[in-house]
A.B. asks: 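Below you'll find the structure I mean.
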Amino acid sequence: MPESPPKAALRIRNLRKTYKDVVAVDGLDLDVPAGECFGLLGPNGAGKTTTIEICEGLTEPDSGEVEVLGFHWRHHAGELRQRLGIQLQETQLSEKLTVLETLRLFRSFYNQGPPAAEVIRLVQLEEKQNSRVGGLSGGQKQRLALACALVGEPELLFLDEPTTGLDPQARRQLWELIEELKLAGRSILLTTHYMDEAERLCERVAIMDHGKTTALGTPRELVASLGVEHVVEFSTGGAGAKLDMAALGSLDGIRDVKTENGSVLMQATELHRAVPALLAELDRQKLPLTELRTHSATLEDVFVTLTGRHLRDE
């Protein structure tokens, strides 16, 4: 083991991977500094799963360089397996084993790491340590999967959509665990389908689409890159009357207008000017307002602007 951690937990250069006629990863460059929680976001088919699998040593790239903790899978596979923790989106564990037996089994795969009972306390499963895995709730199984990724005292954690399918309370419990790992200085690569999760947990995020990075920065930087502070969403009635979209786009304080699922979305630079102007324009067009919502610009708005899709679109 080196005396000091490498400067980069993960370094990717010109990474490429093609499956038949599909280019999954197309010349990707990425750096994750040691000690950072980094989010990798993208719609289905963006290439993030292939990228993660290459970084985990599960898939061989066609070309490019991947350096993990200063090592390469081709020459240091055994060393890397001892220093990584991996939580898959769906971890299949033996349902007949107890929580404690499962953690002892996974701990036996590593040369060093904390005792199984200590990791059980960390993920708050003490009351379930003698329960069989098959009897755990979804949130408890996700915490157990995270515990299995931690028993080797990993320097770099891969968390692939760790809270998918969990109820809000279980999600927040897992967030708190991940935040504790961040405070302990772990390097984390996180994929998620929840924008609020990425905004809360990640120092930086990269948005992937078509095998490439389309945006990179802190959540605040990416939101600021939109150049707008608010999003106005509204619907109208009016016996089939059509909105004059060009007129809406020229309103004071409005930067962009588009329709989505029967509603109109407007990016607003100044909400206090945009809403009165909208109401006046709808009155001019003789269209009744049936619904109106506003929210501050978020990472979700950045994602939609860049990819044309919501993160959770199938």
Side-chain angles (χ1 to χ4, degrees), residues 1 9-10 37 39-40 48-49 52-59 68-69 73 76-194 197 201:
M1 299 282 285
L10 185 64
C37 183
L40 189 60
K48 61 185 186 300
T49 297
I52 291 289
E53 289 179 347
I54 292 172
C55 294
E56 293 170 342
L58 302 176
T59 299
V68 184
L69 297 173
W73 278 106
H76 307 99
E79 175 85 8
L80 283 171
R81 289 192 183 100
Q82 291 293 319
R83 299 171 67 174
L84 301 181
I86 298 173
Q87 180 185 4
L88 303 176
Q89 184 178 348
E90 294 184 11
T91 302
Q92 300 298 323
L93 301 171
S94 174
E95 297 202 342
K96 295 187 179 298
L97 293 179
T98 67
V99 168
L100 182 58
E101 289 169 343
T102 300
L103 265 297
R104 284 175 173 168
L105 173 64
F106 274 77
R107 174 62 185 85
S108 70
F109 301 153
Y110 297 93
N111 297 330
Q112 63 177 29
E118 182 178 325
V119 182
I120 288 175
R121 285 195 298 272
L122 176 64
V123 299
Q124 301 172 14
L125 285 176
E126 299 101 314
E127 295 182 358
K128 294 292 183 178
Q129 65 177 347
N130 295 316
S131 299
R132 297 191 187 279
V133 172
L136 300 180
S137 69
Q140 290 164 347
K141 286 181 178 179
Q142 286 292 72
R143 279 187 275 162
L144 176 57
L146 179 58
C148 291
L150 292 172
V151 290
E153 199 72 37
E155 296 174 43
L156 173 59
L157 271 170
F158 292 97
L159 304 181
D160 189 7
E161 298 182 23
T163 65
T164 294
L166 301 186
D167 61 63
Q169 181 180 2
R171 282 180 64 207
R172 292 189 178 277
Q173 289 175 340
L174 209 56
W175 286 359
E176 291 171 0
L177 286 172
I178 295 172
E179 287 177 329
E180 289 182 22
L181 297 173
K182 288 172 53 181
L183 291 174
R186 308 268 188 185
S187 304
I188 301 172
L189 182 62
L190 172 76
T191 70
T192 179
H193 271 172
Y194 299 102
E197 185 165 283
L201 297 176

A.B. asks: Any ion pair linking Glu95 and Lys141 (charged N to carboxylate O, less than 4.0 Å)?
C.D. replies: yes
A.B. asks: Under 3.5 Å, is there a donor-acceptor pair between the side chain of Thr163 and the main chain of Leu166?
C.D. replies: no
A.B. asks: Rounded to the nearest 0.5 Å, how far apart are CD1 of Ile120 and CG of Leu100?
C.D. replies: 4.5 Å
A.B. asks: Nearest heavy-atom pair of Glu197 and Thr192: which atoms, and what distance?
C.D. replies: OE2-OG1, 2.7 Å
A.B. asks: Report the C-alpha distance between Lys182 and Ile188 in whole Å, list the side-chain angles of each, state the deciding distance to 0.1 Å, and finish with yes or no for side chain to side chain contact (heavy atoms under 4.5 Å, CB included).
C.D. replies: CA-CA 8 Å; Lys182 288 172 53 181; Ile188 301 172; 4.0 Å; yes
A.B. asks: Say you draw a straight line from CG of Leu93 to CZ of Arg132; how long is it, rounded to the nearest 0.5 Å?
C.D. replies: 14.5 Å
A.B. asks: Give, for atom CD1 of Ile178 and atom CZ of Arg186, the distance between the pair rounded to the nearest 0.5 Å.
C.D. replies: 12.5 Å
A.B. asks: Tell me, with the steps shown, if Leu125 and Val119 meet side chain to side chain contact (heavy atoms under 4.5 Å, CB included).
C.D. replies: CA-CA 9 Å; Leu125 285 176; Val119 182; over 6 Å; no
A.B. asks: With a 3.5 Å distance limit and no angle check, can you tell me whether Gln140 reaches the backbone of Gly135 through a side-chain donor-acceptor pair?
C.D. replies: no
A.B. asks: Could you tell me which non-hydrogen atom of Pro154 sits nearest to which non-hydrogen atom of Ala149, and how far apart they are?
C.D. replies: CG-O, 3.3 Å
A.B. asks: In terms of heavy-atom contacts, does NZ of Lys128 have more than 12 from other residues, nucleotides or ligands at under 6.0 Å?
C.D. replies: no
A.B. asks: Taking all non-hydrogen atoms of both residues, which atom of Leu10 and which atom of Val68 are closest, and how far apart?
C.D. replies: CD1-CG2, 3.7 Å
A.B. asks: Looking at every non-hydrogen atom in both residues, tell me the closest pair between Cys148 and Leu103 and how far apart they are.
C.D. replies: N-CD1, 4.1 Å
A.B. asks: List the steps, then state whether side chain to side chain contact (heavy atoms under 4.5 Å, CB included) holds for Tyr110 with Arg83.
C.D. replies: CA-CA 9 Å; Tyr110 297 93; Arg83 299 171 67 174; over 6 Å; no
A.B. asks: With distance as the sole test, does Arg104 use its side chain to make a donor-acceptor pair with the main-chain N or O of Ala116 at under 3.5 Å?
C.D. replies: no
A.B. asks: Write down the atom of Leu157, the atom of Leu181, and the distance for their closest heavy-atom approach.
C.D. replies: CD1-CD1, 3.6 Å
A.B. asks: Taking Gln82 for its side chain and Asn111 for its backbone only, find out whether a donor-acceptor pair lies under 3.5 Å.
C.D. replies: yes
A.B. asks: If I compare all heavy atoms of Pro114 with all of Glu153, which pair ends up nearest, and what's the gap?
C.D. replies: CD-OE1, 3.2 Å
A.B. asks: In Å, rounded to the nearest 0.5 Å, how long is the span from CG of Leu201 to CD of Glu179?
C.D. replies: 5.5 Å
A.B. asks: To the nearest 0.5 Å, what is the distance between OG1 (Thr102) and NZ (Lys96)?
C.D. replies: 13.0 Å
A.B. asks: Enter the distance from Glu180:CD to Leu122:CG here, rounded to the nearest 0.5 Å.
C.D. replies: 6.0 Å
A.B. asks: Determine whether a donor-acceptor pair (N or O, by modelled atom type, separation under 3.5 Å) exists between the side chain of Arg143 and the backbone of Leu146.
C.D. replies: no
A.B. asks: Under 4.5 Å between any side-chain heavy atoms of Leu84 and Leu69, yes or no?
C.D. replies: yes
